[in-house]
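Residue numbers count from 1 along this sequence.
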Amino acid sequence: MPYTDRQNRTCGFLDIEESESSGKFLRRYFILDTQQGSLVWFMDNPQNLPVGSECVGSLKLTYISKVSDATKLRPKAEFCFVINAGMRKFFLQANDQQDLVDWVEALNKATKITVPKSSDGQQNAENLKSLPDVVGPKKQVSYRTEIIAGVPIVTQTQHDRGDGADKAERESMHRSHSQLPYFLGRPTQEHTVIKSGFCVKQGAVMRNWKRRYFLLEENSMSYFKSDLEKEPLRMIPLKEVHKVQECKQSDIMMRDNLFEVVTTSRTFYIQADSPEDMHSWIKAVSGAIVAQRGPGRSAATMRQARRLSNPCIQRYTSRIGECSSTD
């Protein structure tokens, strides 16, 4: 049975199929460390190994999408369960049925993607207030809080005009925004919030999954680290979205309630918490796109209109004496 050690880690022996599809299971000592965000395994209990002995395998918890009983997948391997991580499946054997249940439950609990509670953020704010002022006098800044569609929006009402470095940085970011397909900051004008809530999103580079707070407005879809953040991690203009639909790769990715937002340069894979929530997001985003483009204007029509409005294309088509009618 797995047990909790002095460092509050879940530990115990399991057999693992280290070489995929080999059918050969090897005895290893596993440590589930939620603080480090990883599952590691050793040849033996590290306390029985020489000091500094390294693990023989490791897996980041953010790469794990599902942990489940694998009795039907591996009928010859007793008390077998599987860890789905990206395109790889790790098959493990527990000592008995209760050991299997305990490990599956512990792993699923550890890999459940969550965000800090509001109370945690408030406590952190209180802790910051109690810190001594060692770098200089405090800046007096006022904020305005508004409730829009049930979402608290905090905006700064006064800016320190004397901070040249901050001003230069803001101007630099403003200039760079116009050159990016997806903006890093919110537009200054206020928009109507159509839908908001938490979903799980796949990263573009590492392909790991993280829970983010999404905000759908009339012209864009943004996501934040949490509902307490003021600046989005990314803003997706709806004019760049070609389609929103339930993801056909959900079986490959081992994710339920998965939908995709297809844009000009990237496809965003987003997992909702329920089928109803997934369909609600698809409907809301699709409706916002239709409302923005106007009735009867498809994505292809919009692309063609933008293409033909380009002066260079207009000069080119007039020069060759014909008008381009396809995208």
Side-chain angles (χ1 to χ4, degrees), residues 1-116 200-211 249-258 269 271:
M1 300 294 174
Y3 70 95
T4 303
D5 67 1
R6 295 180 181 181
Q7 300 180 47
N8 200 33
R9 303 177 302 180
T10 301
C11 306
F13 281 98
L14 292 167
D15 296 334
I16 181 173
E17 184 186 48
E18 287 188 322
S19 298
E20 192 171 7
S21 302
S22 66
K24 184 179 180 181
F25 287 80
L26 301 172
R27 192 72 166 168
R28 298 290 184 254
Y29 184 84
F30 284 77
I31 298 178
L32 174 58
D33 192 338
T34 55
Q35 294 296 322
Q36 297 296 325
S38 62
L39 175 69
V40 296
W41 53 96
F42 298 80
M43 296 290 291
D44 193 2
N45 188 327
Q47 297 177 1
N48 302 329
L49 298 173
V51 178
S53 296
E54 296 183 356
C55 63
V56 295
S58 65
L59 183 61
K60 286 187 174 293
L61 299 183
T62 51
Y63 292 132
I64 298 176
S65 58
K66 185 181 292 186
V67 184
S68 57
D69 190 316
T71 304
K72 295 182 179 179
L73 297 175
R74 293 295 177 86
K76 294 183 179 180
E78 196 174 17
F79 312 122
C80 185
F81 64 95
V82 60
I83 297 175
N84 293 281
M87 303 301 291
R88 171 77 192 271
K89 293 177 185 280
F90 293 86
F91 288 91
L92 301 99
Q93 279 186 288
N95 299 311
D96 53 42
Q97 184 61 33
Q98 188 59 50
D99 193 37
L100 182 152
V101 172
D102 290 344
W103 271 109
V104 170
E105 182 179 351
L107 286 165
N108 277 322
K109 182 179 179 181
T111 56
K112 183 178 181 181
I113 303 172
T114 59
V115 293
V200 175
K201 185 190 74 67
Q202 186 187 52
V205 180
M206 302 302 294
R207 302 295 180 187
N208 53 343
W209 297 82
K210 292 185 179 180
R211 185 170 285 271
Q249 299 187 59
S250 58
D251 291 338
I252 299 176
M253 295 184 176
M254 296 304 295
R255 296 244 164 206
D256 299 324
N257 316 318
L258 192 68
Y269 296 102
Q271 182 188 20

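Among all heavy-atom pairs drawn from Leu49 and Phe42, the shortest one is CD1-CB, 4.2 Å. For Leu32 against Ala106, the heavy-atom pair with the smallest separation is CD2-O, 3.7 Å. Nearest heavy-atom pair across Ser38 and Leu61 is N-CG, 3.5 Å. Residues Ala94 and Leu14 approach most closely at CA-CD2, 3.7 Å, considering heavy atoms. The shortest heavy-atom contact between Cys80 and Phe91 is SG-CD2, 3.9 Å.
Checked options Trp41, Tyr3, Phe90; the residue passing with Phe30 is Trp41 (criterion: ring-ring contact (aromatic ring centres under 6.0 Å, His included)). None of Leu107, Thr71, Asp99, Leu73 except one satisfies the side chain to side chain contact (heavy atoms under 4.5 Å, CB included) rule with Phe81; the exception is Leu107. Of the residues Arg27, Arg28, Lys24, Gln93, the one that meets the side chain to side chain contact (heavy atoms under 4.5 Å, CB included) test with Ile16 is Arg28. Checking each of Thr111, Ile83, Asn84 against Ser65 for a side chain to side chain contact (heavy atoms under 4.5 Å, CB included) leaves exactly one that passes, namely Asn84.
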CA sep, side-chain torsions, deciding dist, call: Ser68, Val104, side-chain contact (heavy atoms from CB on, under 4.5 Å): CA-CA 6 Å; Ser68 57; Val104 170; 5.6 Å; no

Steps toward side-chain contact (heavy atoms from CB on, under 4.5 Å) verdict (Val56, Glu18): CA-CA 10 Å; Val56 295; Glu18 287 188 322; 3.8 Å; yes

Step-by-step side-chain contact (heavy atoms from CB on, under 4.5 Å) determination, Gln202 to Arg207: CA-CA 6 Å; Gln202 186 187 52; Arg207 302 295 180 187; 3.8 Å; yes

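Put simply, CH2 on Trp209 and NZ on Lys201 are 9.0 Å apart, with the number rounded to the nearest 0.5 Å. Taking CG of Asp5 as the reference point, atom CD of Gln47 lies at 8.0 Å (rounded to 0.5 Å). To the nearest 0.5 Å, the span separating SG on Cys55 from CG on Leu39 amounts to 10.0 Å. Leu92 contributes atom CG, which lies 8.5 Å from atom CG of Asp15 (distance to the nearest 0.5 angstrom). Atom CG of Asn95 and atom CD of Glu78 lie 10.5 Å apart (nearest 0.5 Å).
In this structure, Glu17 contributes its side chain and Gly23 its backbone to a donor-acceptor pair below 3.5 Å. Side-chain atoms of Asn108 come within 3.5 Å of backbone N or O of Val67 as a donor-acceptor pair.
Ring geometry for Tyr29 against Phe13 counts as perpendicular: the plane angle is over 60°, on a 0 to 90° scale with 30° as the lower cut.
Counting heavy atoms of neighbouring residues, nucleotides and ligands inside a 6.0 Å radius, atom CD of Glu54 does not exceed 12 of them. At most 12 heavy atoms of other shown residues, nucleotides or ligands fall within 6.0 angstrom of atom CG in Asn8.
For the pair Met1 and Asp96, the minimum side-chain heavy-atom distance is below 4.5 Å. For the pair Asp33/Val40, no side-chain contact is recorded, criterion being any heavy-atom separation below 4.5 Å from C-beta on.
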